[in-house]
*Asks:* 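Sharing a structure here in structure tokens format.
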There are 2 protein chains.
Amino acid sequence: MAEIYDQMNEKTKEKIQSVFLHLLKERHFNKISVQHIAQAAGVNRGTFYLHYLDKFDLLDRMEASLLEGLENHLHQLEPGPLLEEAEKGAVSFQAVEVFRYIRQHEEWFRVFLGKHNHSGFHRRLKDFFVRHFTDKMLANPDFFKAVTVPKDYLSAFATSAFLGLIEQWLANDLAESPADMADMYIRIIFFIRNLDGRQQ
Amino acid sequence: MAEIYDQMNEKTKEKIQSVFLHLLKERHFNKISVQHIAQAAGVNRGTFYLHYLDKFDLLDRMEASLLEGLENHLHQLEPGPLLEEAEKGAVSFQAVEVFRYIRQHEEWFRVFLGKHNHSGFHRRLKDFFVRHFTDKMLANPDFFKAVTVPKDYLSAFATSAFLGLIEQWLANDLAESPADMADMYIRIIFFIRNLDGRQQ
DNA sequence: ATTTCCACTCAACACAGTGTTGATTGGTAT
DNA sequence: ATACCAATCAACACTGTGTTGAGTGGAAAT
């Protein structure tokens, strides 16, 4: 039973991460030192370096685990009748799940998308959406066949807009339900299909 | 004629800013020290502090002057027949001018929106667009009267999407003309008006 | 011509933070 | 008992910070 060592290890890491998250609420990433983190976590500064390379590494891993969680959350639902579902339903469903996951981890998203982060996360999340959503959208041959706009611009447009909705949602303290948000996104985004002027 | 002092002053500032811009192309903001900047600018480190509080202040002022330039660029064109112009034409015109200004200052936008900036500029530019564009759009009573989506979400959506287009345009090395880009934006965004299903 | 002005230089300062080291502590497992 | 291992602690050289006070050199003012 060497698991107890792992448990100690995890407990310290969790303490560090939790403290770091709280610090990021109050001050900018650049103004937080490893000293602050260690002190606030009640941990020796040397112990921090036992677990992380530096504060960039800490932030990086937390962001990565949040995205990994989102990836898993979406993958859990992937195999099933959903793949065969109507385009609109499928996209909408994916969107709902994204909003749900964000609500589940509101604190983290709020901090990582907030003004105190040095904001690699915005870019990371956008890349995530570009990979995920537009791959699915564009893989469907009929989906955007009527669109007269280059696909990369369409991806950039749709995912940036989606991210914009998320950020506004957070700014509004998650006043709307995930279903409402997904519906809003779908109601907006699906009119892009009509770029040639034909009716929805 | 004490202007020569101002000229010296300006020349040093320009040298510092130019060097800083070049440094930001190569390394992340966090990894650039005042020492680097001063050395690369061929200027004493003390001289840097004669002009700027710190490197954050330097970045801040450069970003601000870029946005101020954009503000002026748009204001120059404001008074005229354009105000009375058709909604679509006016928005399109504004958009063209934004893309034009960005092309004029490609280097700065590329750096400040790039991965080496600590990325306050993305947020700043988005806020700029929210103030500018959606104020105009939403001030027009008929413009979005049919839209069933809350105005703040619509603003967030439209401006984030616009910024997404800009970033993709930069990623594509400004392959399209400003007019093409504005047209693309308009072609996409104007279908939002049809959210209730009526024809464009 | 000399004095004033002023951007800039230079060296030095105390200070905060970094990442690493080697020795040590105190529970846990064998 | 003893080997194990996360965590502690003090000390290290190092980089960068922001500020100081004295000094330089060329243009401006009188």
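Letters A, B, ... are given to chains in the order of the sequence lines, protein chains preceding strands, and every chain is numbered from 1.
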*Asks:* I need the full list of salt bridge (charged side-chain N to carboxylate O under 4.0 Å, His left out) pairs touching residues 168-178 of chain B, with sequence neighbours left out, sorted by first then second residue.
*Replies:*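 Applying salt bridge (charged side-chain N to carboxylate O under 4.0 Å, His left out) to every pair that reaches into residues 168-178 of chain B, excluding sequence neighbours, yields B/R110-B/D173.
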*Asks:* Treating a pair as Watson-Crick (purine N1 to pyrimidine N3 plus N6-O4 or O6-N4) or G-U wobble (N1-O2 and O6-N3) with both distances under 3.5 Å, list the stems of 3 or more consecutive pairs that involve DNA chain D.
*Replies:*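 For DNA chain D the paired stretches long enough to count as stems (3 pairs minimum) are C:4-12 with D:19-27, C:14-18 with D:13-17, C:20-30 with D:1-11.
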*Asks:* Check DNA chain D against residues 16-29 of chain B and give the residues with a non-hydrogen atom under 4.0 Å, in numerical order.
*Replies:*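 Those residues whose heavy atoms fall under 4.0 Å from DNA chain D, taken from residues 16-29 of chain B, amount to none.
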*Asks:* How many angstroms lie between atom CG of A/N30 and atom CZ of B/F56, to the nearest 0.5 angstrom?
*Replies:*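 With rounding to 0.5 Å, CG (A/N30) is 4.5 Å from CZ (B/F56).
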*Asks:* Can you list everything that forms a salt bridge (charged side-chain N to carboxylate O under 4.0 Å, His left out) with A/D183? Sequence neighbours excluded, please.
*Replies:*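 Result, salt bridge (charged side-chain N to carboxylate O under 4.0 Å, His left out) vs A/D183: A/R187.
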*Asks:* I need the full list of salt bridge (charged side-chain N to carboxylate O under 4.0 Å, His left out) pairs touching residues 34-62 of chain B, with sequence neighbours left out, sorted by first then second residue.
*Replies:*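 For residues 34-62 of chain B, and leaving out neighbouring residues, the salt bridge (charged side-chain N to carboxylate O under 4.0 Å, His left out) pairs sorted by first residue read B/D57-B/R61, B/D60-B/R124.
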*Asks:* Does anything in residues 30-46 of chain B reach DNA chain D, meaning a heavy atom under 4.0 Å, and if so which residues?
*Replies:*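 Residues of residues 30-46 of chain B that come under 4.0 Å of DNA chain D are, in numerical order, B/S33, B/V34, B/Q35, B/H36, B/R45.
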*Asks:* How long is the line joining CG of B/N9 and P of C/dT9, in whole Å?
*Replies:*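 Nearest whole value for this atom pair: 12 Å.
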*Asks:* Quick one: side chains of residues 35-44 of chain A, donor-acceptor pairs under 3.5 Å with protein atoms, not counting sequence neighbours, listed by atom name and distance.
*Replies:*
from, atom 1, to, atom 2, distance (Å)
A/H36, ND1, A/S33, N, 3.1
A/H36, ND1, A/S33, OG, 3.2
A/N44, OD1, A/G46, N, 2.8

*Asks:* Please find out if less than 6.0 Å separates the ring center of B/F99 from that of B/F162.
*Replies:*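 Between B/F99 and B/F162, the centre distance is under 6.0 Å.
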*Asks:* Can you list everything that forms a salt bridge (charged side-chain N to carboxylate O under 4.0 Å, His left out) with A/R100? Sequence neighbours excluded, please.
*Replies:*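 A/R100 satisfies salt bridge (charged side-chain N to carboxylate O under 4.0 Å, His left out) with A/E97 once adjacent residues are dropped.
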*Asks:* Just so I know, are the side chains of B/L125 and B/F112 near enough to count as touching, which here means a heavy-atom distance under 4.5 Å?
*Replies:*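 Counting from C-beta outward, B/L125 and B/F112 never come under 4.5 Å.
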*Asks:* Would you please indicate yes or no on a ring centroid separation below 6.0 angstrom for B/Y52 and B/F20?
*Replies:*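 No: the rings miss the under 6.0 Å criterion.
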*Asks:* Contact list please: residues 47-58 of chain B against DNA chain C, heavy atoms, distance less than 4.0 Å, in numerical order.
*Replies:*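 Within residues 47-58 of chain B, the residues near DNA chain C are B/T47, B/L50, B/H51.
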*Asks:* Only counting residues at least two apart or in another chain, list the ones meeting salt bridge (charged side-chain N to carboxylate O under 4.0 Å, His left out) with B/K25.
*Replies:*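 Counting only residues at least two positions away or on another chain, B/K25 forms a salt bridge (charged side-chain N to carboxylate O under 4.0 Å, His left out) with B/E107.
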*Asks:* Considering residues at least two apart in sequence or located in another chain, which fulfil the salt bridge (charged side-chain N to carboxylate O under 4.0 Å, His left out) criterion with A/E68?
*Replies:*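 Partners of A/E68 by the salt bridge (charged side-chain N to carboxylate O under 4.0 Å, His left out) criterion come out as none, since no residue qualifies.
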*Asks:* With sequence neighbours excluded, tell me which residues meet side chain to side chain donor-acceptor pair (under 3.5 Å) with A/Y101.
*Replies:*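 With sequence neighbours excluded, A/Y101 shows a side chain to side chain donor-acceptor pair (under 3.5 Å) to no residue whatsoever.
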